[in-house]
Amino acid sequence: MKGNQEEYRLRFFLDHDYLRRECKVCKTPFWSKDKTREDCADIPCSDYYFLDMKESNLNWSVSEARRRFLEFFRRNGHEIIQPKPVLARWREDLYLTIASIVDFQPYITSGISPPPANPLVVSQPCIRMDDVDNVGITFGRHLTTFEMGGHHAFNYPDKFVYWKDETVAYAKEFFTKEMGIPEELLNFKESWWEGGGNAGPSFEVTVGGLELATLVFMQYEMRGQEYIPLKLKIVDTGYGIERLAWFTQKTPTAFHAIYGELVDRFFEKLGLPRVNSEMLKVASRFAGRIDPDVPSTVQGHREQVARAMGLPVDEVSEELTRAARVFQVLDHTKTIALMLGDGLVPSSGGEGYLGRLLIRRALRTLKLLGVDVRLSELVEMQIGFWGRDFTQLVRNRDYILDAVNLEQEKFNDVLTRISSVVSSLSKKKIGVEDLIQLYDSQGIPPDLIAEEMRSRGLRVEVPHNFYSIVAKRHQSAPVKKEWDSTKLPAEIANQVKELPPTEKLYYRDQYARSFEGVVVKSLGKYLVLDRTVFYPEGGGQLGDQGWILVDGQKVRVVDTQKVGDVVVHVLEKEVALKEGAKVKGEIDWVRRFRMMRHHTGTHVVLAAAKKLLGDHVWQAGAEKTPEKARLDITHHRNLTREEVRRIEEMANLVIDDRRPVTPFEINRTEAESRYGVSIYEGGVPNKAVIRLLEIKDWDVESCGGTHVSNTADIGGIKIVNVEKIQDGIIRLEYVAGDVISSYAGQLEDKLEGLANRLETSSSQVESRVEKLKEENERMKELVAFYRRQFLDELEKRVEVRNAGKVKIVILPALKDGELEKEAMKRLTSSQGVIVVHVNQVNGKLQVEVGTSKDLNVSGVVAELVKAGGKGGGKGTFGSVMMEKGSREEIIDIVERAIKGGNS
RNA sequence: GGGCCGGUAGCUCAGCCUGGAAGAGUGCCUGGUUCGCACCCAGGAGGUCCCGGGUUCAAAUCCCGGCCGGUCCA
């Protein structure tokens with residue numbers, strides 16, 4: 001399939017005198033009008049020689065390049081559509097938007113849903129973490145964020161738009177007319193693209209060493225090794241908007257083209273000397289030869305630059321390292337701004353972790369540069385620079401800066417630990433194992449440890465592939481698939497899944513409580529009817545319970561589940577029902593109504609939290625039961641009491657405002673363009689037509705649950721618990737309607753119980769507790785005082801026996817362990833003393849022996865053990881449990897042991 | 001979702017590997033020194049060793065379970 005030359009032999013090329021040639025370096029075939037060209041004009045087969053071209057000196061900024069690109073395709077019959085967020089929240093298989101085609105997967109590319117326009121053009125900001133290690137050191141070849149200009153045409157079997165020839169013709173037209181590049185300089189490299197389960201032939205358009213666009217013709221679905229032709233043939237192009245800008249500006253590096261004056265302002269803000277731009281230009285020209293995975297190529301590149309400039313390698317190396325780090329910070333701060341601006345909350349898991357990773361890398365780079373500056377100030381500069389292009393940055397400025405500052409504080413905590421960690425380790429030699437352990441458990445990057453070691457005159461080797469070693473350690477993480485989306489046994493699910501869809505009476509009238517239906521299938525405890533008002537579990541709402549009436553018999557329904565569009569009633573016991581039999585059904589209304597209130601209430605609370613806290617608040621999970629509702633939201637800080645109160649107040653205001661709550665069905669493409677991707681907070685449905693729930697002037701969300709028809713029916717909301725369940729995720733629990741009353745009742749009971757135990761009334765619990773606490777403090781002081789008094793007396797009155805040079809002090813049996821320990825300490829503070837304490841414990845005698853520092857306890861203990869005791873000791877303290885013998889006998893044993901010289 | 005690290009005096013932490021009388025620094029209190037402050041000196045108060053179970057004569061220490069915090073990976 002890939003080898004099929006016919007895929008690339010376009011009429012366009014033949015009609016326009018293009019020749020197919022083969023690159024002398026990489027052997028890739030390419031099409032060009034220039035009959036003398038021998039290489040494919042792409043790195044690494046060529047250097048970036050476009051930097052020296054006289055052509056196309058248009059000086060487009062990124063904004064200008066974007067505008068020109070979009071306008072060109074609009075003039076040529078494409079509709080401009082708005083880009084999506086950089087967080088791919090409309091799909092569950094990706095965290096980030098990595099290409100413009102991602103906007104249309106999977107429902108539009110598979111033909112289930114229509115595209116918003118056809119053909120269309122979009123400039124989609126994308127984030128790719130793959131090259132995060134390489135950003136900067138390649139002077140712009142790698143970026144974590146870029147805009148992909150894509151024009152797309154969706155060719156259906158019955159509706160053809162355009163295909164390869166037109167796509168290539170557009171490219172030629174755009175590059176020659178709009179950008180003023182002579183046609184002879186254009187090269188179309190034959191290539192093959194695969195991704196996201198699709199594949200097809202493609203052309204890479206290269207000029208002067210730079211790949212400006214990729215034209216993909218998606219036409220296969222990949223199943224294992226097989227390529228199956230797609231129903232839809234999709235034109236999927238990607239023009240590098242930043243590269244267009246770089247090409248027309250011919251600045252020393254891509255960063256200068258993208259960030260313009262911001263480059264110098266960053267150097268200034270960081271307090272670093274600028275880097276000679278002639279050197280950068282030379283570095284940039286040869287940058288294609290750097291393979292960041294091979295450190296020697298980095299060194300080789302620097303030597304080459306040094307030769308070309310006639311400068312010492314060390315000087316070049318230092319300058320370029322500094323430049324690369326500043327470029328990395330430029331790149332990361334823009335990406336951070338975009339991620340947070342679209343609502344990412346940094347955290348320890350999921351997409352949030354990607355944000356934290358980037359922030360940490362930026363902070364680490366700043367540290368390596370020796371710069372002490374707030375990262376948020378740099379991010380703020382990016383917001384200022386990009387705010388007109390991406391208005392969400394300005395809208396969410398407060399959140400973005402707050403989140404960045406918080407992350408910096410956390411990272412600083414890590415940094416302050418480094419010094420003490422290193423000093424505790426530096427006694428022994430630090431190996432790779434220690435570095436991995438420290439990074440893994442405490443997040444301390446190895447290069448910072450190495451730096452700290454160096455400042456102490458110690459050395460440690462950080463392996464070049466450190467991070468891949470770490471990655472390998474974590475490989476054996478099994479991914480748990482959630483196949484049990486239904487709680488039914490597999491054999492039941494298999495038997496009912498082909499049945500016709502059940503008519504959903506619970507959607508037709510969400511307040512319906514009873515119905516009449518006909519048995520479609522009866523499998524013991526499992527019953528399928530042709531229609532039902534029983535809501536099957538889904539969207540975080542539990543399945544209904546109730547009763548089925550048949551032949552005068554009333555059977556309890558304990559749960560309701562679904563398999564596809566078939567609703568299965570789970571009965572309390574097995575009942576044999578004939579197919580076609582008529583039945584009546586009735587749901588447990590009190591239970592259902594509570595769940596409806598909790599469900600609609602959840603939409604109300606979520607929207608309130610969003611409005612109060614910011615756009616970054618996103619549902620991370622929810623559960624609605626008859627007893628209470630639970631909503632997990634993304635947020636970077638703990639909620640204050642005041643914020644919780646405000647959310648509750650806002651929710652109750654909306655309830656009292658009696659707003660209509662309306663479900664309606666709508667085409668998903670239209671839903672997305674009208675309401676944005678936030679409709680998918682509760683999950684992404686897998687249908688072309690989706691059900692939305694609108695709370696008037698408050699919230700619109702995709703939802704399959706049953707809801708009250710007016711917010712007033714919720715009856716009120718009380719938040720009963722707020723906790724942080726994970727870094728970046730806050731859990732809210734609340735009750736609605738009549739459950740508030742039972743909740744209040746429980747609180748009363750609890751308070752009453754407390755009051756009883758405190759032997760007071762509930763109105764005086766607080767003062768009573770206060771008093772008890774005071775009393776307890778006083779008692780502790782008093783006990784301490786009496787202990788001291790007691791000890792003074794004890795010292796004077798203890799029984800002392802002389803056994804040679806050693807004094808044996810015999811303590812009376814003391815019930816107070818603290819007191820006994822203190823007495824032993826005091827009495828053994830001089831020389832030649834041994835203290836014995838014998839006490840009755842569980843019917844046995846516990847002997848404790850303490851000695852002064854010049855003696856030790858081993859001889860005495862040995863004798864006691866010989867006499868049948870169990871125990872031991874070390875140094876100046878020992879204890880032995882004696883099963884038999886009296887107090888006197890034991891003391892005699894001790895005395896004999898000492899006289900025998902056993903101590 | 002999985003792994004790792006940590007939780008001991010108000011604060012920062014040692015002790016845990018190898019079970020045997022709960023420690024240091026700092027802060028606090030009292031006294032000395034000083035015109036006074038800082039420094040210095042002496043003394044003192046301050047503990048649910050995160051919680052629960054187990055093993056043991058004996059658990060901060062070993063084992064199991066839980067809670068909380070941190071961190072890495074997906």
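Just so we're on the same page: letters track the sequence lines, and every chain starts at 1.
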Novice: Roughly, in whole Å, what's the span from CD1 in A/Ile449 to C1' in B/C72?
Specialist: 13 Å
Novice: Ring pair (Phe, Tyr, Trp, His ring centres under 6.0 Å) with A/Tyr399: which residues, sequence neighbours excluded?
Specialist: A/His616, A/His636
Novice: Has A/Thr634 got a side-chain atom pairing as donor or acceptor with A/Trp618's backbone, closer than 3.5 angstrom?
Specialist: yes
Novice: Between the protein and nucleotides 21-24 of chain B, are there any N/O to N/O pairs under 3.5 Å, and if so, what are the atom names and distances?
Specialist:
from, atom 1, to, atom 2, distance (Å)
B/A21, N7, A/Thr876, OG1, 3.1
B/A21, N6, A/Thr828, OG1, 3.4
B/A21, N6, A/Thr851, O, 3.1

Novice: Find the distance A/Lys410:NZ to B/U71:P and express it as a whole number of Å.
Specialist: 6 Å
Novice: Would you say the side-chain atoms of A/Thr365 pair up with the backbone N or O of A/Arg325, donor to acceptor, closer than 3.5 Å?
Specialist: no
Novice: Verify side-chain hydrogen bond (donor to acceptor under 3.5 Å, both in side chains) between A/Gln105 and A/Arg91, making sure each step is shown before the conclusion.
Specialist: CA-CA 8 Å; A/Gln105 289 169 322; A/Arg91 42 194 302 187; 2.7 Å; yes
Novice: With nearest nucleotide decided by heavy atoms, which residue, A/Gly875 or A/Arg356, maps closer to the 5′ end of RNA chain B?
Specialist: A/Gly875
Novice: When you measure from the side chain of A/Glu863 to the backbone N and O of A/Arg896, does any donor-acceptor pair fall under 3.5 Å?
Specialist: no
Novice: Hunt down the Watson-Crick or G-U wobble partner of B/U18, both distances under 3.5 Å, from any strand shown, or write none.
Specialist: none
Novice: May I ask which nucleotide in the shown strands pairs with B/C62, Watson-Crick or G-U wobble, both distances under 3.5 Å?
Specialist: B/G54
Novice: Taking side-chain contact (heavy atoms from CB on, under 4.5 Å) as the test, write out the residues that go with A/Glu623, two or more places apart.
Specialist: A/Thr625, A/Arg630
Novice: Restricting to ring pair (Phe, Tyr, Trp, His ring centres under 6.0 Å), what partner residues turn up for A/His837, sequence neighbours left out?
Specialist: none
Novice: For B/G1, give the paired nucleotide (Watson-Crick: N1-N3 plus N6-O4 or O6-N4; G-U: N1-O2 and O6-N3; both under 3.5 Å), or none.
Specialist: B/C73
Novice: Would you mind pulling out the nucleotide paired to B/C35, Watson-Crick or G-U wobble, both distances under 3.5 Å?
Specialist: none
Novice: Using both distances under 3.5 Å as the test, list the Watson-Crick or G-U wobble partner of B/U26, or none.
Specialist: B/G10
Novice: What is the separation between atom OH on A/Tyr439 and atom P on B/G3, rounded to the nearest whole Å?
Specialist: 19 Å
Novice: Would you indicate whether the side-chain heavy atoms of A/Met339 and A/Leu354 approach each other to under 4.5 Å?
Specialist: yes
Novice: Roughly, in whole Å, what's the span from CG in A/Leu435 to P in B/C5?
Specialist: 16 Å
Novice: With sequence neighbours excluded, what pairs up with A/Lys807 under the salt bridge (Lys or Arg N to Asp or Glu O under 4.0 Å) test?
Specialist: none
Novice: Measure CG/A/Leu438 against C1'/B/G3 and give the value in whole Å, please.
Specialist: 16 Å
Novice: Quick one: label A/Arg826 by what it contacts on the DNA or RNA (base, sugar-phosphate, nothing), any heavy atom closer than 4.0 Å.
Specialist: nothing
Novice: Heavy-atom nearest nucleotide on RNA chain B for A/Tyr95 versus A/Phe411: which residue maps closer to 5'?
Specialist: A/Phe411
Novice: Give each protein N/O atom lying under 3.5 Å from an N/O atom of nucleotides 54-59 of chain B, with the pair distance.
Specialist:
from, atom 1, to, atom 2, distance (Å)
B/C57, OP1, A/Lys870, NZ, 2.7
B/C57, O2, A/Ser879, O, 3.2
B/C57, O2, A/Ser879, OG, 3.2
B/C57, N3, A/Gly872, N, 3.3

